[in-house]
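Any value given below was found using the heavy atoms of this structure, including those in side chains, with hydrogens, waters and symmetry copies removed.
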Amino acid sequence: MTLPEILRFSEQLDKEARSIKKDALKISWYMRGMSYTEVMNLSWEEREICGEIIKENLETTKKTGLPFF
């Protein structure tokens with residue numbers, strides 16, 4: 001790889017790492033019972049499932065009109 005290719009690849013990895021961290025922090029906030037460390041120890045599939053649960057809970061909250069926070 002050339003230096004510019006290495007730099008682009010490194011920047012892409014940094015963006016992906018930031019995205020994973022952001023998702024993990026969102027999950028830990030929404031799930032309330034899970035710490036950031038616990039979320040980071042989940043597999044990608046487990047984090048996806050948590051995201052689906054969060055979406056379902058938000059939809060249920062909107063439909064019922066109950067407070068979410």
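- When hydrophobic clusters are built by joining Ile, Leu, Val, Met, Phe, Trp and Tyr residues whose side-chain heavy atoms come closer than 4.5 Å, directly or via intermediates, Tyr30 is not grouped with Tyr36.
- By the criterion of side-chain heavy atoms lying less than 4.5 angstrom apart, applied directly or through intervening Ile, Leu, Val, Met, Phe, Trp or Tyr residues, Leu13 is grouped together with Met1 in one hydrophobic cluster.
- Considering only residues two or more places apart in sequence or on other chains, Glu38 meets the side-chain contact (heavy atoms from CB on, under 4.5 Å) condition with Met34, Ser35.
- Residues forming a side-chain contact (heavy atoms from CB on, under 4.5 Å) with Glu45 (at least two apart in sequence, or on another chain): Ser43, Ile49.
- The distance from the CD1 atom of Ile27 to the CZ atom of Arg32 is 14.0 Å, given to the nearest 0.5 Å.
- Once rounded to the nearest 0.5 Å, the distance linking CD of Glu46 with CG of Asn41 reads 9.5 Å.
- For the atom pair CG (Leu58) and CD1 (Ile53), the distance works out to 12.0 Å, reported to the nearest 0.5 Å.
- Taking OG1 from Thr61 and NZ from Lys63, the interatomic distance works out to 11.0 Å, rounded to the nearest 0.5 Å.
- Judged by distance alone, the side chain of Arg47 and the main-chain N or O of Leu42 form a donor-acceptor pair under 3.5 Å.
- Atom-to-atom distance recorded for Lys55:NZ and Glu52:CD is 7.5 Å, nearest 0.5 angstrom.
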What donor-acceptor contacts under 3.5 angstrom involve side-chain atoms of residues 5-12, with partners at least two apart or in another chain?
residue : atom : partner : partner atom : Å
Glu5    : OE1  : Thr2    : N            : 2.8
Glu5    : OE1  : Thr2    : OG1          : 3.3
Gln12   : NE2  : Glu16   : OE2          : 3.2

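- Note on Trp29: it does not cluster hydrophobically with Met40, by side-chain heavy-atom contacts below 4.5 Å among ILVMFWY residues.
- Take Thr60 and apply the side-chain contact (heavy atoms from CB on, under 4.5 Å) test, not counting sequence neighbours, and it matches Thr64.
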